[in-house]
Amino acid sequence: MAIYRNKSTKVDVQIGAMKSIYPQFKVTKKKSTEVEFVGTLQPKPEYRKYKISVKYRGNLKPQVKVIEPELVDNPPHFYKTSGTLCLYHPKDFKWTKDKLIAKYILPITSAWLYFYEVWLETNVWYGPEASHDTNKNPKDD
């Protein structure tokens with residue numbers, strides 16, 4: 001009896017999910033355990049489009065950056081030193097390499113962009129939040 005093994009890697013699964021759910025995102029860099037997706041998100045039709053970079057790094061937290069338009073100085077829920085968005089608190093959500101960027105990270109990113117747009121208009125962050133020091137690098141746990 002032959003034994004067939006699934007040869008696809010976690011990176012291949014991430015790429016497949018992204019192509020299926022978010023075809024506007026393109027793969028720009030691929031290693032055996034890391035891939036970067038670049039594409040646009042628009043949280044609501046009346047809001048502008050954002051060009052986003054998302055790095056999948058296995059069990060390390062994905063890194064999400066806004067490429068354009070440039071964010072204002074000192075936006076809420078933003079890590080200044082790494083230039084990445086703070087999307088969730090590690091006590092509320094635990095990232096693992098088996099979770100899909102397309103299913104978990106991009107919907108949270110779209111919500112972050114929505115709350116950012118509202119914050120620009122009202123100066124109030126209506127999204128979920130937990131207090132933390134945004135000057136620190138996010139931990140890669």
Q: Step through it carefully: locate the ring centre of Y88, locate the ring centre of F93, and say whether they are under 6.0 Å apart.
A: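 For Y88 and F93, the ring centres are under 6.0 Å apart.
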Q: For V64, which of T84, I101, L87, I108 qualifies under side-chain contact (heavy atoms from CB on, under 4.5 Å)?
A: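 Per the side-chain contact (heavy atoms from CB on, under 4.5 Å) rule, the option paired with V64 is L87, out of T84, I101, L87, I108.
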Q: Does the side chain of E36 come under 3.5 Å of the side chain of S53 through a donor N or O and an acceptor N or O?
A: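 Present: a donor and an acceptor within the cut-off.
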Q: Quick test of your reading: applying side-chain hydrogen bond (donor to acceptor under 3.5 Å, both in side chains), list the pairs with at least one residue in residues 103-114, sequence neighbours left out, ordered by first then second residue.
A: none
Q: Angle between ring planes, Y56 versus W95, binned at 30° and 60°: parallel, tilted or perpendicular?
A: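 Correct class here is perpendicular.
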Q: Please list, chain by chain and in numerical order, all residues satisfying salt bridge (charged side-chain N to carboxylate O under 4.0 Å, His left out) with E34, sequence neighbours excluded.
A: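 Testing E34 for salt bridge (charged side-chain N to carboxylate O under 4.0 Å, His left out), a comparison that skips the adjacent residues, returns K29.
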Q: Using side-chain contact (heavy atoms from CB on, under 4.5 Å) as the criterion, list what pairs up with S20, not counting sequence neighbours.
A: none
Q: Answer yes or no: is there a side-chain heavy-atom contact under 4.5 Å between K19 and I15?
A: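 They are in side-chain contact.
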Q: Compare every heavy atom of A102 with every heavy atom of P107, then report the nearest pair and how far apart it is.
A: CD-O, 3.4 Å
Q: State, to 0.1 Å, how close P75 and Y116 come at their nearest heavy-atom pair, and which atoms those are.
A: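 Where P75 meets Y116 most closely, the heavy atoms are CB-CE1, 3.8 Å.
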Q: Please check this pair: side chain of N59 against backbone of T96, looking for a donor-acceptor N/O pair closer than 3.5 Å.
A: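 Pair absent, no side-chain N/O of N59 close to backbone of T96.
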Q: Could you pull out all residues at least two apart from D98 that satisfy side-chain hydrogen bond (donor to acceptor under 3.5 Å, both in side chains)?
A: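 Once residues adjacent in sequence are excluded, the partners of D98 under the side-chain hydrogen bond (donor to acceptor under 3.5 Å, both in side chains) criterion are K10.
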Q: Indicate yes or no for a side-chain donor-acceptor contact from K99 to the backbone of K94 under 3.5 Å, with no hydrogens or angles considered.
A: yes
Q: Looking only at heavy atoms, which two atoms of Y50 and P43 are closest? And how far apart?
A: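 Here Y50 and P43 meet closest at CD1-CD, 4.3 Å.
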Q: Compare all side-chain heavy atoms of V54 with those of L106 and state whether any distance is below 4.5 angstrom.
A: yes
Q: Determine the minimum heavy-atom distance between P90 and K61, stating which atoms define it.
A: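 Taking every non-hydrogen atom into account, CG-NZ, 3.3 Å.
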Q: So F37 and I105, do their side chains get closer than 4.5 Å, heavy atoms only?
A: no
Q: As a quick check of understanding, evaluate side-chain contact (heavy atoms from CB on, under 4.5 Å) for W119 and V124, giving each step before the final call.
A: CA-CA 5 Å; W119 174 78; V124 176; 5.6 Å; no
Q: So, do I67 and I52 sit near enough that their side-chain heavy atoms are less than 4.5 Å apart?
A: no
Q: Which pairs count as salt bridge (Lys or Arg N to Asp or Glu O under 4.0 Å) when at least one residue sits in residues 39-51, sequence neighbours excluded?
A: K44-E46, R48-E117
Q: Suppose we screen for salt bridge (charged side-chain N to carboxylate O under 4.0 Å, His left out). Which residues come up paired with D73, at least two apart in sequence or across chains?
A: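 Result, salt bridge (charged side-chain N to carboxylate O under 4.0 Å, His left out) vs D73: none returned.
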Q: Just wondering, do V38 and K26 contact through their side chains at under 4.5 Å, heavy atoms?
A: no
Q: Give the minimum heavy-atom separation between K97 and Q14, together with the two atoms involved.
A: O-NE2, 3.8 Å
